[in-house]
Structures are given as C-alpha cells and as structure tokens.
Number of protein chains: 2
Amino acid sequence: MSRQPDKRTAILLATLKLIAERGFHGTPTSMIAERAGVGVGTIYRYFKDKDQLIHTLYEELEAKNKAFVYQGYEEERPVLDRFQHLCRNIYRYLLANPLEFRFLEQYFDSPYGVAKMRQKLDSAGEPFHALLKEGKRQGLVKDMPPTLLFGLIFGPMINVIKDHDSGLLKLDEVLLERLIEATWDAIKK
Amino acid sequence: MSRQPDKRTAILLATLKLIAERGFHGTPTSMIAERAGVGVGTIYRYFKDKDQLIHTLYEELEAKNKAFVYQGYEEERPVLDRFQHLCRNIYRYLLANPLEFRFLEQYFDSPYGVAKMRQKLDSAGEPFHALLKEGKRQGLVKDMPPTLLFGLIFGPMINVIKDHDSGLLKLDEVLLERLIEATWDAIKK
DNA sequence: AAAAACGGAGTGAACATTCACTCCGAAAAC
DNA sequence: GTTTTCGGAGTGAATGTTCACTCCGTTTTT
C-alpha cells in the first residue's frame, strides 16, 4: 500500500457521512471527493463506480455491525436472556452509530438493497432465527411465522431509533429496557 | 374548461404507479407523461413543478387514507375495541392499496416528507393519540411516551406489510387478528 | 529514471423545465 | 345558419443544469 494516509478509508467515511446526511441522490461524487480531501479521479482508482463504492461501504458496515451484535452471545443462557442480550446490542449499536443507521436504512429502501433484505434475515439474523425457534419449542414464544416475529421485534426498533435520532424522543437506558420488555411481551405466549 | 377532464387525474395516477414501482429518482417527468398519455408540458399546466406534483399526490392519498381509517370509529366503545378497529382499518387499507403504501413509504423516507412525519402524528393520528391517552388513564396501557407506543404499533405494521407486499409472507384475516393481538400485548400493561 | 498514485478539467448523457406553437370548441359577427 | 375570431388546453423540441465517469498531465514512491 502507499505511505499516503489511507485514501480509501477517507472516501468510504466521506460517503457514509454524506449519504447519511443527504441521501444517495444528494451526494455527487464530486462532493464525496471534496469531503474526503481527494480528487474525483481517485475515487475511481479504488472503486469501479459509485454503485460499487456504496455496496462496499454496506458490506463493511454490515460486518462491523454483526461482530458487535453477537459479542458476548452465549448459547447456553435461557431464551429470554439471550433475546434481551441481542436486542440490547442491536439498539446500542444503532444508537451509538446514527450515521450508520441512516445509511443502512437508505440502503435497504433503495434498489441497492432489495435483494439484501432476504439475505439479512437468513445469514446475519441466523442466530436470532434459531433463538426464536427454540423459544417456540419451549412454549415461550407465540407460534407465528418467523417473518411476523421479526416484524414485531425489528419494526419498533427501526421506528423508535428513527424518532430518537430525529430528536422526537430521548431514549435512555431505562426506557430501552422497558422497550425491550414490551417487545418481548409482543412475541411471548 | 378542458377537453379531457381527466388529464390531471391521469398524471397523478401515473405518478403514483411509477414512483411506487421505480422510486422518485427512477421516474423522470417524461416517463410520467408517457404513462399518463399526455405531453410533458401538460404536467406543468396542472402542477408548478415535479415537487408540487408529488406533494399534491401525497395530500390526496393521505385524505383518502384518513377517511377510510376512521370509518365507523365510535368514541363510546371500550379502548381495546377501538384499538383493534383502528389497527384493522389501517392494515386493511394498506394491504388493499400496495401502490399507495409503497408511495407513502418512499415519501416519508425522503426530504419530501421529513416535516410531514410530525404532522402525521399530530393531526392524522390525533384520535389514535387520544385513544392511547385514555388507555393509559384507565391503566390498560403501559405508561410510556406516546412516541414509543406509536413505534410499537406502527413499526411492526410497516415491516409486516412490506414483507407481505414483497411476497415474503402471506397475511390473511386470521394472521392479521393475531398480529393485532400481539401489538396490543406489546403496549398493554 | 521508471512506475504508481493522484487530481481535476473535460465530456456526454440524463433530466427538469420552458416556450413558441397547434388545434379545437365556443362565442361573436354576419 | 354560416363564417370568423378568439381563448386556452395541450404539446414536445430546445435549453440549461447536474452528474458520473474519463483522460492525461503532474506528483509521489520505488
């Protein structure tokens, strides 16, 4: 690699910030270049085109996110404990990284991420999926299609974080616990 | 007056369909004109610019939606009954009108609708708001900020309908009732 | 000195918007 | 009843702007 400060990272970071702030269509490549302190042409040294830049950014964020969420996850704990653990981690991650949340949101609601949605549920959500299945087997969780259960869990999450980030709502630790509890009430038998 | 009294409607309908299918940035005015069977210039006879066209479309859909949702709403019924009634109506409306759902979703997640979000909660959601307040007073509903309660109700709704429309899930009347029940479990004390 | 990395003016395509014009139904003149 | 005039809805080629991406001269690294 070069001895220059890492331009690739600078470009990815600028892209994250700008897209979170202004959306895909509010961020021309020229603006990304400027914010990254880089020439326009340099972007194209590291990424084939804008689409690939965005997909790469997604992949890297997703990996970081996943690593964080499953941190300290222990298969042996009771279902409810594990449920709370995962929810807490997801909430904490997204609340601590509002830019990433906004980017991911935009990504999923765009032609970029349509196909990724399913993948998200199948791969990244795999341990979560297994957890719910086990909960059902133990008679703790309502017997519904997994997709519905996911909706009951992630729906409020997305909604509430959006409101938090836009200042409509101030989430603290206490409220967060009550929220997770309410989410459990929704899916528990 | 006009030779074809329906051009305005044709333009609005074409816009709805195209934006639902292809997003804001996938639908140039030229395409709207073509789909509406109208010249490009005609759009600008009825609407100041593309933004106003989209805002107008939103306003008209919102009015239609609201009228449907509060149909048959009776203030005197018990809180739970009214809750179920409103949820059912919203679900039914959005499931019966997937194009409108997709359009509204895009609208809210874009610079167009940022300001509208609050309004949505304050005006269109007013009876809903009052209902939750009453539920709290009667000790039926969890004592949480209204924004959180809204999140617990509308979050799953949006998520689940999205999954239904994309074919990930088949919602029927039975499942719908169970879903509304689960939502109530989430917010009830 | 050769090779790699970089920068940013330049290019063409896509787009929203405009405006000079057409066309037709209806009113006015006959 | 027939002809002329007129208003304004309707149109799409032309315009100006924005943007992703390229090309090549310059700088940095080896």
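Proteins come first, then strands; the chains are lettered A, B, ... in the order of their sequence lines, and each starts at number 1.
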Handout entry: Under-4.0 Å salt bridge between B/E60 and B/R8
Key = yes
Handout entry: Separation of atom OH in A/Y46 from atom P in C/dA4, rounded to whole Å
Key = 14 Å
Practice task
Would you please name every residue forming a salt bridge (charged side-chain N to carboxylate O under 4.0 Å, His left out) with A/E74, sequence neighbours left out?
Solution key: none
Fill in the blank from the handout: Closest to the side chain of A/R45, out of C/dA16, D/dG10, C/dC6, is C/dC6
Exercise for the section: Respond yes when some side-chain nitrogen or oxygen of B/K7 is under 4.0 Å from OP1 or OP2 of D/dT11, and no when none is. Expected result: yes
Problem - Partners meeting salt bridge (charged side-chain N to carboxylate O under 4.0 Å, His left out) with B/D81 (sequence neighbours left out) - result: B/R77
Problem - Under the salt bridge (charged side-chain N to carboxylate O under 4.0 Å, His left out) test, residues paired with A/K64 that sit two or more places apart - result: A/E100
Practice task
Could you list by number each residue of residues 31-43 of chain A showing a heavy-atom separation from DNA chain C of less than 4.0 Å, or answer none if no residue does?
Solution key: A/V38, A/G39, A/V40, A/G41, A/T42
Exercise for the section: Hey, could you give me each pair passing side-chain hydrogen bond (donor to acceptor under 3.5 Å, both in side chains) that has a residue in residues 23-37 of chain A? Not counting sequence neighbours. Expected result: A/E21-A/R35
Exercise for the section: Calculate the interatomic distance between A/F47 atom CZ and D/dA20 atom P; express it in whole Å. Expected result: 15 Å
Exercise for the section: Flag yes if more than 12 heavy atoms outside B/K136 fall under 6.0 Å of its NZ atom; otherwise flag no. Expected result: yes
Contacts under 3.5 angstrom, residues 175-189 of chain B side chains, donor-acceptor by atom type, not counting sequence neighbours:
| from | atom 1 | to | atom 2 | distance (Å) |
| --- | --- | --- | --- | --- |
| B/E177 | OE1 | B/R88 | NH1 | 2.9 |
| B/E177 | OE2 | B/R88 | NH1 | 3.0 |
| B/R178 | NH1 | A/D143 | O | 3.0 |
| B/T183 | OG1 | B/L179 | O | 2.9 |
| B/D185 | OD1 | B/K188 | NZ | 3.1 |
| B/D185 | OD2 | A/K142 | NZ | 2.7 |

Exercise for the section: Figure out the CG/C1' separation between A/D49 and D/dC21, and round it to whole Å. Expected result: 9 Å
Exercise for the section: Identify, with sequence neighbours excluded, every residue that meets ring pair (Phe, Tyr, Trp, His ring centres under 6.0 Å) alongside B/Y44. Expected result: none
Problem - Any residue meeting salt bridge (charged side-chain N to carboxylate O under 4.0 Å, His left out) with B/E76, in chain and number order, not counting sequence neighbours - result: none
Completion exercise
Whole-Å distance, A/K48 NZ to D/dT22 C1', equals 14 Å
Can you check nucleotides 12-15 of chain C for protein contacts, nitrogen or oxygen pairs under 3.5 Å, and list what you find?
none

Handout entry: Between P of C/dA5 and CD1 of A/I11, the distance in whole Å
Key = 13 Å
Problem - Atom-to-atom span, CG of A/L18 to C1' of D/dC19 - whole angstrom - result: 15 Å
